[in-house]
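Step one of this worksheet: look at the structure below.
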Amino acid sequence: MFRKIDTFLLCLVATILIATFFPCTGNETKFFQILAIIVIGIMFFFQGARLSRRAILDGMTNWRIHLAILGCTFAVFPLLGVGFHRAFPSFLDADTWTGLLFLCCLPSTVQSSIAFTSIGQGNVAAAICSATMSNILGIFITPVLTGLVMHQSASSPGGITSIMLQLLLPFMLGQMAQPWIGGWVHRYKKLISITDRTSILIVVYTAFSEAVVQGLWHRVPAAQIGRIMVADSLMLFTVLVLTTIGSRLLGFSRRDEVAIVFCGSKKTLASGVPMANVLFAGPVVGIIVLPLMIYHQIQLFVCATLARHYARRAAGHDPSKQPQPRAGQRIEE
């Protein structure tokens with residue numbers, strides 16, 4: 001159980017440590033800012049190129065489950081975030097609260113939501129469609145929703161234009177190129193996955209370097225990180241309870257419930273870090289993405305445990321029938 005360590009988590013921690021002790025400064029900062037824009041564009045280009053159109057079309061008919069998942073992602077989460085902020089305004093500092101509220105406005109994950117739904121024997125087709133729609137819609141909704149929740153300029157035309165140029169345009173170009181390079185992308189998906197994670201690490205290094213130079217660790221002490229973990233855990237627990245009870249009250253099947261729980265409770269690190277880099281300029285980005293990175297790890301651990309619970313229920317408590325992740329299967333997104 002403990003020998004399989006989340007290597008991406010280790011890479012994130014290592015990147016933060018490198019940025020702490022060896023931050024980029026001066027001309028190096030400009031170089032890494034430009035590099036971050038380039039690698040983010042490449043990442044979204046490949047996301048568009050590997051997106052399965054058939055999976056989207058096959059899953060679009062179950063509109064009730066998609067409405068439930070998207071409603072949780074883009075309505076329940078922001079309302080909870082605003083509610084927690086108003087109830088406990090002094091629990092976190094202003095910038096950290098901004099990061100938590102930004103987390104609430106993000107779309108769901110794709111790969112890990114589908115993987116957990118599959119392990120829990122849920123509605124995989126619906127999970128593929130909902131998670132994909134969530135990410136595509138998030139390119140438009142997240143900037144506007146962030147501006148509404150935080151009453152700031154993230155929803156301005158400039159913010160939306162930056163999102164479209166840096167994220168949506170490469171994504172659409174990837175979709176257009178899919179007939180020619182789609183097969184190649186799927187054959188080398190492990191290599192593409194490494195490219196995606198490298199893109200995130202470059203953005204994290206750039207953001208944290210700026211934040212460290214501006215005194216990040218004096219502004220976010222260990223006690224504050226502990227509070228972020230508590231806030232993230234409370235947010236995840238609340239959403240898991242709401243999605244579970246809500247899906248049952250609305251009469252969804254067990255398979256649909258599994259998809260709603262996993263797709264509706266998860267937030268994407270892969271798209272969240274690039275969006276934060278576009279929407280929040282300057283050293284504050286390093287602080288803003290902290291709640292997201294911590295939430296990312298908590299959701300993986302909790303959802304992995306919950307997926308095995310759903311699998312045991314589906315198999316009638318027969319261990320021989322429980323689906324397990326394949327050796328080497330990666331679900332960290």
Side-chain angles (χ1 to χ4, degrees), residues 1-40 42-44 46 95-96 99-100 102-103 106 109 111-112 115 189-229 232-233 266-277 280 282-304 328-333:
M1 176 179 178
F2 295 100
R3 65 185 179 89
K4 289 187 177 181
I5 301 175
D6 186 344
T7 53
F8 187 56
L9 169 61
L10 295 179
C11 290
L12 278 173
V13 172
T15 301
I16 293 172
L17 290 175
I18 293 172
T20 299
F21 294 105
F22 306 101
C24 59
T25 57
N27 292 331
E28 295 175 351
T29 301
K30 189 65 176 177
F31 168 78
F32 275 99
Q33 287 174 342
I34 296 173
L35 180 62
I37 293 174
I38 294 173
V39 296
I40 288 169
I42 294 173
M43 182 181 74
F44 274 81
F46 282 129
D95 289 336
T96 310
L100 190 67
F102 171 68
L103 179 156
L106 288 171
T109 63
Q111 290 96 330
S112 53
K189 60 183 178 181
K190 290 186 178 180
L191 177 62
I192 301 300
S193 179
I194 294 173
T195 303
D196 289 350
R197 296 186 182 93
T198 302
S199 303
I200 296 172
L201 295 177
I202 291 174
V203 176
V204 169
Y205 174 73
T206 305
F208 270 85
S209 290
E210 292 187 70
V212 167
V213 171
Q214 297 295 325
L216 168 66
W217 299 122
H218 296 290
R219 300 169 60 187
V220 187
Q224 184 78 352
I225 294 177
R227 291 187 176 187
I228 294 174
M229 295 177 66
D232 281 346
S233 299
K266 303 181 92 268
K267 291 294 183 176
T268 176
L269 180 70
S271 298
V273 172
M275 285 185 181
N277 192 57
F280 304 97
V284 72
V285 176
I287 300 176
I288 287 175
V289 298
L290 260 180
L292 174 59
M293 290 194 294
I294 294 173
Y295 185 90
H296 172 75
Q297 302 307 322
I298 295 173
Q299 73 181 4
L300 291 179
F301 176 79
V302 173
C303 290
Q329 181 180 2
R330 307 187 65 86
I331 54 177
E332 65 265 20
E333 185 156 345

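Everything quoted here is computed from the prediction, not taken from an experiment. Hydrogens, waters and symmetry mates are skipped; everything else that's a heavy atom, side chains included, is used.
- A distance of 12.0 Å separates CE in Met229 from CG in Leu290, rounded to the nearest 0.5 Å.
- Here the closest heavy-atom approach between residue Val289 and residue Ala276 is recorded as CG1-CB, 3.7 Å.
- Taking Asn277 as the reference, Ala36, Ile40, Val203 meet the side chain to side chain contact (heavy atoms under 4.5 Å, CB included) condition, with sequence neighbours excluded.
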Might you work through the side-chain contact (heavy atoms from CB on, under 4.5 Å) test for Asp232 and Leu100, ending with a clear yes or no? CA-CA 8 Å; Asp232 281 346; Leu100 190 67; 3.2 Å; yes
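- Leu35 has its side chain within reach of Phe31: a pair of non-hydrogen atoms, C-beta onward, lies under 4.5 Å apart.
- In this structure, Lys266 contributes its side chain and Thr109 its backbone to no donor-acceptor pair below 3.5 Å.
- Rounding to the nearest 0.5 angstrom, the gap separating the CE atom in Met275 from the CG atom in Leu106 is 6.5 Å.
- In this structure, CD in Gln299 is found 12.5 Å from CD1 in Ile294, a value given to the nearest 0.5 Å.
- In this structure, CG on Leu269 lies 10.0 Å from CG on Leu103, to the nearest 0.5 angstrom.
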Determine, step by step, whether Ser199 and Ile42 satisfy the side-chain contact (heavy atoms from CB on, under 4.5 Å) criterion, reporting the C-alpha distance in whole Å, the side-chain angles of both residues, the deciding distance to 0.1 Å, and the verdict. CA-CA 8 Å; Ser199 303; Ile42 294 173; 5.6 Å; no
Check: residues 10-21 side-chain donor-acceptor pairs under 3.5 Å, at least two apart:
from  : atom 1 : to     : atom 2 : distance (Å)
Thr15 : OG1    : Cys11  : O      : 2.7
Thr20 : OG1    : Ile16  : O      : 2.7
Thr20 : OG1    : Trp217 : NE1    : 3.0

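- Partners of Phe102 by ring-ring contact (aromatic ring centres under 6.0 Å, His included), not counting sequence neighbours, listed by chain and number: Phe280.
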Could you go through the side-chain contact (heavy atoms from CB on, under 4.5 Å) check for Ile287 and Val220 one step at a time? CA-CA 8 Å; Ile287 300 176; Val220 187; 4.1 Å; yes
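- Heavy atoms only, all atoms of each residue included: Cys24 and Phe32 are closest at CB-CD1, 4.0 Å.
- Looking only at side-chain heavy atoms (C-beta outward), Glu210 and Thr29 come within less than 4.5 Å of each other.
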